[in-house]
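All figures in this text were calculated on a predicted structure; none of them were measured in a lab.
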Amino acid sequence: MKSDNATPQLHHRPRLGSFPFDPARLPFFYGTVVLVCGTLGVLASAPGQTVGVSVFTDFLIEAHQLSRSWISFSYLAGTIASAVLISRAGRLYDRFGGRWVSAASAAMLALVLTAMSFSAVIAQSAASMLPGTYRDHVSFAVLTLGFFAMRFFGQGMLTLSSRNMVLEWFEKRRGMALAFIGISVAFGFSATPPLFEWLIQQGGWSWAWQTIAVIVAVYALVAFCLGRSKPEDHGMLPDGPYAKRNRKTHAETMSGRQFTLSEARRTYSFWVFTLSVVLSGLLLTAFSFHVVSIFADAGMTRRQAVAIFLPAAGVSVVVEFIGSWLSDFVKLKYLAMVQLIGSLTLSLSLAFLGTGTSVVFVVVGMGLMQGMFGIISGVTWPRFYGRTHLGAISGFSTSIVVAGTAVGPYLFSVAHDQFGSYRAATLLCAAAALLLLATSPRADRPQ
């Protein structure tokens with residue numbers, strides 16, 4: 001079906017691109033299969049996300065005999081290093097497409113998880129060839145390298161390629177596609193810690209990582225067999241039969257100019273949207289990392305702290321579903337404003353946290369922020385800057401976001417060490433949210 005603006009150039013890639021079957025020959029729109037495949041890809045990235053890594057932290061501390069601060073710093077260093085490379089690696093997506101990058105990233109993540117399951121053995125073997133005083137340094141280096149690879153292939157490339165692959169197949173219905181991904185991932189990531197913990201209890205942390213590696217490797221095969229890159233490569237168009245001519249979507253959802261990365265970086269809107277997502281990622285990671293300590297400072301228990309995530313996830317799912325649907329009909333800057341209001345609400349409620357109403361605002365702020373996170377970080381780049389250089393543009397933005405998630409916990413730790421509370425960090429985040437909120441009304445799609 002033709003686009004209302006212009007007809008994209010259709011072309012066929014070599015036969016290997018359609019192996020083991022050509023999606024154009026199937027009696028249904030293949031974008032629905034890509035949607036499921038991409039969603040599974042984001043879920044398969046869980047072992048490389050903070051939510052998946054945190055379950056293994058205490059076992060790594062014991063196995064490597066390193067302090068919690070050294071493990072945390074190792075995670076920070078590995079995450080920052082991965083963020084530096086994600087921007088360049090995003091160009092691989094533009095060159096090879098989502099299918100190949102998603103399958104390769106999953107395969108590499110499976111190898112890394114297997115290696116991490118033997119990290120203590122690897123560190124001991126390497127340390128045996130050096131003086132005893134270098135044992136801790138070797139363990140730190142091994143873990144930093146492992147965290148780098150887990151974050152790069154998991155949170156970085158697998159997430160980026162899986163989500164972008166879906167966004168390539170939908171244009172007018174991107175909001176619907178992201179709603180499906182967002183809700184699935186919200187429930188899937190919520191189930192990740194208890195699932196990983198159960199695996200650890202069954203056979204130990206090394207066996208658990210090896211089992212997870214097998215599951216991720218199976219997804220690599222699924223991505224290779226079922227994943228496909230741009231629909232134009234198979235003589236098809238985005239949305240397929242779902243692209244109804246009389247559907248009243250916003251003009252922003254229509255194909256526009258194709259920007260290069262350097263052109264996108266020179267636009268005002270790129271930085272408003274990127275920094276909005278960075279602030280949300282920073283806040284979410286910092287809060288999750290220090291949640292028990294934050295609630296303890298407010299006179300609440302560990303049980304109360306952990307319990308906050310369930311109602312926040314409920315709010316997040318509702319917000320993401322409504323926001324994803326609205327994203328097909330309204331300008332994205334209005335959804336970015338909702339995300340920033342969530343960041344502001346969470347920051348201020350944490351700054352003045354106590355029993356009662358402030359806890360409700362924590363739930364609401366976190367739900368608004370999380371619910372809009374996937375929408376803003378996913379829909380913005382293909383809608384504003386086109387799909388030709390989607391990997392490079394989204395990769396550059398993702399690298400900044402990943403760096404922000406690494407800095408967040410450290411920023412909160414410094415504030416607590418220097419001032420005896422987290423209020424300085426949360427108020428700084430609130431000021432940043434206010435500044436971005438003031439700049440967002442001008443963040444329209446570049447022309």
Side-chain angles (χ1 to χ4, degrees), residues 3 8-26 29-45 85-110 152-171 173-174 177-178 181 216-217 219-240 255 258-261 264 377-383 385-399:
S3 169
Q9 183 179 0
L10 304 181
H11 52 89
H12 287 275
R13 287 197 173 183
R15 292 181 180 178
L16 187 58
S18 294
F19 179 85
F21 56 85
D22 186 353
R25 298 181 180 276
L26 298 177
F29 177 54
Y30 197 73
T32 54
V33 177
V34 175
L35 174 58
V36 174
C37 185
T39 301
L40 291 175
V42 179
L43 290 172
S45 73
L85 287 187
I86 287 174
S87 178
R88 293 184 177 274
R91 300 178 188 274
L92 295 175
Y93 178 90
D94 296 325
R95 182 177 179 183
F96 297 104
R99 175 196 187 184
W100 301 103
V101 176
S102 181
S105 298
M108 290 302 299
L109 179 59
F152 178 77
F153 291 112
Q155 184 192 27
M157 293 307 299
L158 184 53
T159 302
L160 181 149
S161 59
S162 299
R163 183 183 288 123
N164 283 353
M165 179 170 62
V166 173
L167 297 178
E168 298 255 39
W169 281 80
F170 294 90
E171 189 170 272
R173 303 301 298 268
R174 281 193 183 120
L178 275 178
I181 295 176
V216 175
Y219 170 74
L221 292 176
V222 172
F224 174 75
C225 294
L226 300 182
R228 293 295 185 273
S229 298
K230 298 178 181 180
E232 291 88 349
D233 294 345
H234 305 282
M236 305 170 71
L237 290 174
D239 297 306
S255 296
Q258 305 296 306
F259 285 73
T260 64
L261 173 59
S377 62
V379 175
T380 305
W381 315 128
R383 180 183 291 192
Y385 304 107
R387 295 186 289 128
T388 303
H389 303 284
L390 179 59
I393 294 171
S394 61
F396 180 77
S397 176
T398 299
S399 68

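Phe96 and Val101 get closest at one heavy-atom pair: CB-CG2, 4.3 Å. The shortest non-hydrogen separation linking Ser162 to Gly41 is OG-CA, 3.4 Å. Taking both residues in full, the closest heavy atoms of Leu160 and Gly395 are given as CD1-CA, 3.3 Å, listed atom of the first, atom of the second, then distance. Contact record, Asn164 with Gly391: ND2-CA, 4.3 Å, taken as the closest heavy-atom pair. Here the shortest heavy-atom pairing between Cys37 and Ala223 reads SG-CA, 3.9 Å. The two residues Ala392 and Leu261 come nearest to each other via the heavy atoms O-CD1, 3.8 Å.
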(message) Could you walk me through whether Arg228 and Asp233 satisfy the side chain to side chain contact (heavy atoms under 4.5 Å, CB included) test, starting with their C-alpha distance in whole Å, then the side-chain angles of each, then the deciding distance to 0.1 Å, before giving a yes or no?
(response) CA-CA 9 Å; Arg228 293 295 185 273; Asp233 294 345; over 6 Å; no
(request) Carefully, step by step, assess His234 and Tyr30 under the rule side chain to side chain contact (heavy atoms under 4.5 Å, CB included). (result) CA-CA 10 Å; His234 305 282; Tyr30 197 73; over 6 Å; no
(request) Please step through side chain to side chain contact (heavy atoms under 4.5 Å, CB included) for the pair Phe170 and Leu35, ending with a clear verdict. (result) CA-CA 9 Å; Phe170 294 90; Leu35 174 58; 4.2 Å; yes
(request) Let me see the working for Ile393 and Tyr385 under side chain to side chain contact (heavy atoms under 4.5 Å, CB included), right down to the final yes or no. (result) CA-CA 8 Å; Ile393 294 171; Tyr385 304 107; 3.6 Å; yes
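For Tyr219, the ring-ring contact (aromatic ring centres under 6.0 Å, His included) test picks out no residue, with sequence neighbours left out. Residues passing the side chain to side chain contact (heavy atoms under 4.5 Å, CB included) test with Ala217, sequence neighbours excluded: Ala110. Partners of Thr260 under the side chain to side chain contact (heavy atoms under 4.5 Å, CB included) rule, at least two apart in sequence or in another chain, are Ser262, Glu263, His389. Partners of Ser105 under the side chain to side chain donor-acceptor pair (under 3.5 Å) rule, at least two apart in sequence or in another chain, do not exist in this structure. Annotation: side chain to side chain contact (heavy atoms under 4.5 Å, CB included) contacts of Thr380 (sequence neighbours excluded): Phe273, Leu332, Ile376, Phe384. Annotation: side chain to side chain donor-acceptor pair (under 3.5 Å) contacts of Ser397 (sequence neighbours excluded): Thr274. Not counting sequence neighbours, Ser377 has no partner by the side chain to side chain donor-acceptor pair (under 3.5 Å) test. Leu85 pairs by the side chain to side chain contact (heavy atoms under 4.5 Å, CB included) definition with Phe148, Phe152, not counting sequence neighbours.
Without hydrogens or angle criteria, Ser45 side chain to Val42 main chain gives a donor-acceptor distance under 3.5 Å. Glu171 places no side-chain N or O within 3.5 Å of a backbone atom of Pro238 that could act as its donor or acceptor partner.
Interatomic distance, Thr39 OG1 to Ile181 CD1, rounded to the nearest 0.5 Å: 4.5 Å. Rounding to the nearest 0.5 angstrom, the gap separating the OH atom in Tyr93 from the OG atom in Ser161 is 7.5 Å. Between atom CZ of residue Phe153 and atom OG1 of residue Thr159 there is a gap of 13.0 Å, rounded to the nearest 0.5 Å. Rounding to the nearest 0.5 Å places CD of Gln258 at 9.5 Å from CG of Leu390. Between Leu167 atom CG and Arg383 atom CZ the span is 10.5 Å, to the nearest 0.5 Å.
Within the 4.5 Å cutoff, no side-chain heavy atoms of Thr388 are placed close to those of Asp94. Taking the side chain as every heavy atom from C-beta outward, Ser102 and Leu158 approach each other to under 4.5 Å. You'll find the side chain of Met236 reaches within 4.5 Å of the side chain of Phe29, heavy atoms only.
Less than 6.0 angstrom separates the ring centroid of Phe224 from the ring centroid of Trp100.
Here salt bridge (charged side-chain N to carboxylate O under 4.0 Å, His left out) pairs that include residues 154-169, with residues two or more places apart or in two chains, are Glu168-Arg387.
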